[in-house]
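What follows is a short report on a single structure.
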Amino acid sequence: MKSFLYVFLAVFSSFLWGQQTKLVDFKSITANVTIQPIQKEIFGDVTYVFDVLAPTDSLFIDAQHMEISKVTLNKQDVAFKNDGNKLWLLSPFKRSDNNKLELYYKATPKKAMYFVGWEYEGKHQVWTQGQGKYTSNWLPSFDDMNEKTTLDLTVSFPKDYQVIANGELIETKKADTLLAWHYVTKNPMSNYLFAIAAGIYDKTLLCSKSGVTLELYYYPEDSLKVEPTYRYTEQIFNLLESEIGVPYPWENYKQIPVADFLYAGMENTTATIFSDAYVVDAIGFVDRNYVNVNAHELAHQWFGDLVTETSGTHHWLQEGFATYYALLAERDVFGNDYYKMRLYEYAKELQAQDANGQSTALLNPKSSSTTFYKKGAWLLHALRVEVGDNAFKLAVKRYLEAHQFENVDTDDFIKQVKLASGKNLDAFLICG
């Protein structure tokens, strides 16, 4: 009864206080994990470094359906409770810095980490998809996108395969039948952007004008599809850096096709995973190509990864911006008439949504993808026409620089546009 009451009070305290980020700041996650694809499981040791910002009787880590043991706080045993969704640490925490939490876990993920092809003669792959499914299904981490941490990740996997993850590859080490891949990110990110992709790949390297390494992965049998699949990648990257006005903010940029992916692509920090349905030859490029998805996911490295929405209410700050900048990249590739045609198509889609009585406000967290993506892009196009190119680009630059590696809401962006343009933008307030 005492244990139950303690957990109840901890949960109630968390609810009363709101977001845990007001009480605790997790700064880094270091994980050393092993993936066993045949068994569909992952296990390993994880270390967290955090500051306590204000006194609290508990804190938590999101951990979905995991076995957790060997939990220590600053090298000492600590009371904890695993309720199947969260790991609760139960202790009278006082204001303090650089606390170290260590634990061991084991999981058999039912979502967010997918084991593809191991039960039949297909491509043997493991890949993750955190957005909407949550990284906490395969790594004890944080579902709240307002909690940003760095990631130091070592993944041990059967040695005949390649493992790609966020950040810079530091080293690989052999151990019996496994190969350990060590990746490090230097800057913080929301944990839904953590990613792993494992499979049999080759890669080709490009280099942007600014010196960023672009790693383009492909299946060995698809070497003749590399050029049409990744066509215009350098041009898109250079255009977005120039148009956005803020240098690419991460160590490198990787793109990895996977089988049976849930969506077109996902903008994991430094490591976009995308559907291998977009891997095409020169003929297939005409009917279905990766250009728009390529540009959209790259734009997210700034809009979504560098600056991240505070909540779903401001989701357009990610999807509207990525959609708009993907259009600008396509305009650079295919011309202004193509850009206008795509804007017209978006407008017709929005009109159809309205005619069906399904139109929603841009700041409604339950809005459709059409609203977040297409209406968001149209708002940015109209706003740029209203304030002019110079003011618009200055506002975007200041917005990103002022809030880099932080979370943002709509007012953060509109404020910068007002300052840069000196205009009254009440007509562009997007509550309705």
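Quick caveat, the model's predicted, so the values are computed rather than measured.
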Could you pull out all donor-acceptor pairs under 3.5 Å where a side-chain atom in residues 195-217 meets a protein atom, sequence neighbours excluded?
from   : atom 1 : to     : atom 2 : distance (Å)
Tyr201 : OH     : Pro257 : O      : 2.6
Ser208 : OG     : Ser210 : N      : 3.3
Ser208 : OG     : Ser210 : OG     : 3.0
Ser208 : OG     : Gly211 : N      : 3.3
Ser208 : OG     : Val212 : N      : 2.9
Ser210 : OG     : Glu241 : OE1    : 2.6
Ser210 : OG     : Glu241 : OE2    : 3.3
Glu215 : OE1    : Tyr217 : OH     : 2.7

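- Looking at Asn166, its side chain does come within 3.5 Å of a backbone N or O of Thr269 through a donor-acceptor pair.
- With Ser242 contributing its side chain and Asn238 its backbone, the two residues share no donor-acceptor pair below 3.5 Å.
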Verdict with reasoning, Phe321 to Trp316, per side chain to side chain contact (heavy atoms under 4.5 Å, CB included): CA-CA 7 Å; Phe321 270 81; Trp316 83 277; 3.9 Å; yes

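- A parallel orientation is assigned to the rings of His296 and Tyr373, their planes being inclined by less than 30° (bins at 30° and 60°).
- Among residues two or more places apart in sequence or in another chain, the ring-ring contact (aromatic ring centres under 6.0 Å, His included) test is passed with Phe93 by none.
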Pair Lys254-Asn268, side chain to side chain donor-acceptor pair (under 3.5 Å): steps then yes or no: CA-CA 10 Å; Lys254 301 174 284 286; Asn268 311 296; over 6 Å; no

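- Annotation for Phe157: atom CZ counts as buried by contact number, over 12 foreign heavy atoms lying within 6.0 Å.
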Before giving the answer on side chain to side chain contact (heavy atoms under 4.5 Å, CB included), spell out for Tyr48 and Thr149 the whole-Å C-alpha distance, their side-chain angles and the decisive distance to 0.1 Å. CA-CA 9 Å; Tyr48 311 79; Thr149 69; over 6 Å; no

Start with the C-alpha gap between Phe261 and Gln125, add the side-chain angles, then the distance that decides, and say whether side chain to side chain contact (heavy atoms under 4.5 Å, CB included) holds. CA-CA 11 Å; Phe261 196 54; Gln125 297 178 345; over 6 Å; no

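- The closest side-chain heavy-atom distance from Phe274 to Glu297 is not below 4.5 Å.
- A cation-pi geometry, defined here as NZ or CZ lying under 6.0 Å from the six-membered ring centre and within 45° of its normal, holds between Arg288 and Tyr278.
- How far CD1 of Ile42 is from CD1 of Ile35: 4.5 Å, rounded to the nearest 0.5 Å.
- Of the charged side-chain nitrogens involved, none lies within less than 4.0 Å of a carboxylate oxygen, so that Lys174 and Asp176 do not count as a salt-bridged pair.
- Not one N or O on the side chain of Glu147 forms a donor-acceptor pair closer than 3.5 Å with the backbone of Gln20.
- Relative ring orientation between Trp302 and Phe237 is described as tilted, the plane-to-plane angle lying within the 30° to 60° band.
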Checking side chain to side chain contact (heavy atoms under 4.5 Å, CB included) for the pair Lys173/Thr154: CA distance, chi angles, key distance, verdict? CA-CA 10 Å; Lys173 288 185 177 180; Thr154 300; over 6 Å; no

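- Aromatic ring pairs are classed by plane angle as parallel below 30°, tilted from 30° to 60° and perpendicular above 60°; the pair Tyr114 and Trp127 is tilted.
- The pair Lys348-Glu345 does not meet the salt-bridge criterion, since no charged nitrogen lies less than 4.0 angstrom from a carboxylate oxygen.
- The pair Lys106-Glu41 meets the salt-bridge criterion, with a side-chain N (NZ, NE, NH1 or NH2) lying under 4.0 Å from an Asp/Glu carboxylate O.
- Under the 6.0 Å cut-off for aromatic ring centres, Trp138 and Tyr192 do not qualify, their centroids lying 6.0 Å or more apart.
- Thr229 OG1 to Asn294 CG: the interatomic distance, rounded to the nearest 0.5 Å, is 10.0 Å.
- Relative orientation of the Trp181 and Tyr183 rings is parallel, given thresholds of 30° and 60° on the angle between their planes.
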If you look only at distance, which donor and acceptor atoms sit under 3.5 Å apart when one is on a side chain in residues 64-78 and the other is two or more places apart or in another chain?
from  : atom 1 : to     : atom 2 : distance (Å)
Asn74 : OD1    : Lys100 : N      : 2.8
Asn74 : ND2    : Asn99  : OD1    : 3.1
Lys75 : NZ     : Glu102 : OE1    : 3.3

